[in-house]
2 protein chains.
Amino acid sequence: MSLQQIRYFVAVAEEENVGRAAERLRIAQPALSRQIRNLEAEFGTELFERTSRGMRLSSSGAVFLPHARAILSSVESATAALYKR
Amino acid sequence: MSLQQIRYFVAVAEEENVGRAAERLRIAQPALSRQIRNLEAEFGTELFERTSRGMRLSSSGAVFLPHARAILSSVESATAALYKR
DNA sequence: GGAGTTTACGAATGTCGTAACTATC
DNA sequence: GATAGTTACGACATTCGTAAACTCC
């Protein structure tokens, strides 16, 4: 699990679509798809349900999302504390 | 900034010595030294004062340490939440 | 057949360990 | 000269983008 993967996960969870999320993150679609797959493989559970329309959070994904946001938030407050000097 | 770098930073802050921290992390000394340097370069500030005995937190490092621990703690609670299902 | 996701593959980037260097006591 | 940190360099692993393939309407 890397911070980048967490950011990727949140973007996909919000867009419910890998293509749009990739555009927002300014990376290519396959790179994003792979990182999500890698994250799921590491956790041993699928974070999304793949539908014909895109991706929707699975129950595991729904559990993880608030934690993911908390991690990113603590990272932001860490950098803010450092740059505020 | 990566989670690994944050773990490395905390280890060095606790050991006040790159060699011991590297041993604890089971990586080689230079790898650890470089990652700390990379982190400092990214932040644009030194996190440690280098003494003849080892490393001591700088004022920036002292600011960052509790944030670093908070990040790692939120990561742990995220993984715990996922594995508890 | 179109929208969306994934796999294949080569290129670029990052991280590591060993060995050599620097500095301080 | 011993202890501690850093730099150099080549090897290994990860991540990326382009192109092609798969899948479900």
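These figures come from a predicted structure and were not determined experimentally. Chain naming here is simple, since letters A, B, ... match the order of the sequence lines and numbering starts at 1 in each.
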Engineer: Please determine whether a side-chain nitrogen or oxygen atom of B/Arg50 lies at a distance below 4.0 Å from atom OP1 or OP2 of D/dA4.
Structural biologist: no
Engineer: Quick one: pull up CG in A/Leu47 and CZ in A/Arg37 and give me the separation to the nearest 0.5 Å.
Structural biologist: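 If we round to the nearest 0.5 Å, A/Leu47:CG and A/Arg37:CZ are 10.0 Å apart.
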Engineer: Counting just side-chain N and O atoms, does A/Gln4 come under 4.0 Å of either OP1 or OP2 of D/dC16?
Structural biologist: yes
Engineer: Among D/dT15, D/dG17, C/dT6, which nucleotide sits nearest the side chain of A/Asn38?
Structural biologist: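 In terms of side-chain proximity for A/Asn38, the closest of D/dT15, D/dG17, C/dT6 is D/dT15.
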Engineer: Would you mind reading off the distance between A/Glu49 atom CD and C/dT6 atom P, rounded to a whole angstrom?
Structural biologist: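 To the nearest whole Å, that distance equals 13 Å.
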Engineer: Provide, to the nearest angstrom, the distance between the CZ atom belonging to A/Phe48 and the P atom belonging to C/dT6.
Structural biologist: 10 Å
Engineer: Looking at CD1 of A/Ile36 and CD of A/Glu46, how far apart are the two atoms once the value is rounded to the nearest 0.5 Å?
Structural biologist: 11.5 Å
Engineer: Ignoring the backbone of A/Gln35, work out which of D/dT15, C/dG17, D/dT18 is nearest its side chain.
Structural biologist: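 Nearest nucleotide to the side chain: D/dT15.
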Engineer: Contact class for B/Tyr8 (heavy atom, under 4.0 Å): base, sugar-phosphate, or nothing?
Structural biologist: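 If one applies the 4.0 Å heavy-atom cut-off, B/Tyr8 turns out to touch the sugar-phosphate alone, with no base involved.
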Engineer: Kindly determine whether A/Leu57 and A/Phe9 satisfy side chain to side chain contact (heavy atoms under 4.5 Å, CB included), including the steps that lead there.
Structural biologist: CA-CA 10 Å; A/Leu57 278 179; A/Phe9 164 78; 3.8 Å; yes
Engineer: May I ask you to verify whether the side chain of B/Arg34 and the base of D/dG5 hold a donor-acceptor pair under 3.5 Å?
Structural biologist: no
Engineer: Within a reach of under 6.0 Å around CZ of B/Arg50, are more than 12 heavy atoms found that belong to other residues, nucleotides or ligands?
Structural biologist: yes
Engineer: Below 3.5 Å between N/O atoms, which protein atoms pair up with nucleotides 19-25 of chain C? Just atom names and distances, please.
Structural biologist:
none

Engineer: For the side chain of A/Ala28, starting at C-beta, report the closest nucleotide among C/dT15, D/dA4, D/dT18.
Structural biologist: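 Of the candidates, D/dT18 comes closest.
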Engineer: Counting side-chain heavy atoms from CB outward, which of D/dC16, D/dA4, C/dT6 is closest to B/Gln29?
Structural biologist: D/dA4
Engineer: Whole angstrom is fine here: how far is it from CG in B/Leu25 over to P in C/dG17?
Structural biologist: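 Atom CG in B/Leu25 sits about 10 Å away from atom P in C/dG17.
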Engineer: Please report, rounded to the nearest Å, how far the P atom of D/dT6 is from the CD atom of B/Glu40.
Structural biologist: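 In whole Å, D/dT6 P lies 8 Å from B/Glu40 CD.
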Engineer: Rounded at 0.5 Å granularity, tell me how far CD in A/Glu16 sits from OG1 in A/Thr51.
Structural biologist: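 Here the rounded value is 8.5 Å.
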Engineer: Return the value, rounded to whole Å, for the distance between atom CG of A/Leu32 and atom P of D/dT14.
Structural biologist: 19 Å
Engineer: In whole Å, what is the span from the CD atom of A/Glu42 to the C1' atom of D/dT14?
Structural biologist: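 In whole Å, D/dT14 C1' lies 13 Å from A/Glu42 CD.
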Engineer: With rounding to the nearest 0.5 Å, note down the distance linking CD in B/Glu40 to CD in B/Gln5.
Structural biologist: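 CD of B/Gln5 is found 10.5 Å from CD of B/Glu40.
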Engineer: What is the distance, to the nearest angstrom, from the CD1 atom on B/Ile36 to the P atom on C/dT15?
Structural biologist: 13 Å
Engineer: Rounded to whole angstrom units, what separation is found between the CZ atom of B/Arg7 and the P atom of C/dC16?
Structural biologist: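 Answer to the nearest Å: 12 Å.
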Engineer: Would the number of heavy atoms belonging to other residues, nucleotides or ligands and lying under 6.0 Å from CZ of B/Arg56 be above 12?
Structural biologist: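 Not buried by this count: 12 neighbours or fewer within 6.0 Å.
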Engineer: Do the side-chain N or O atoms of B/Asn17 get closer than 4.0 angstrom to the phosphate oxygens (OP1, OP2) of D/dT3?
Structural biologist: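 No, outside the criterion.
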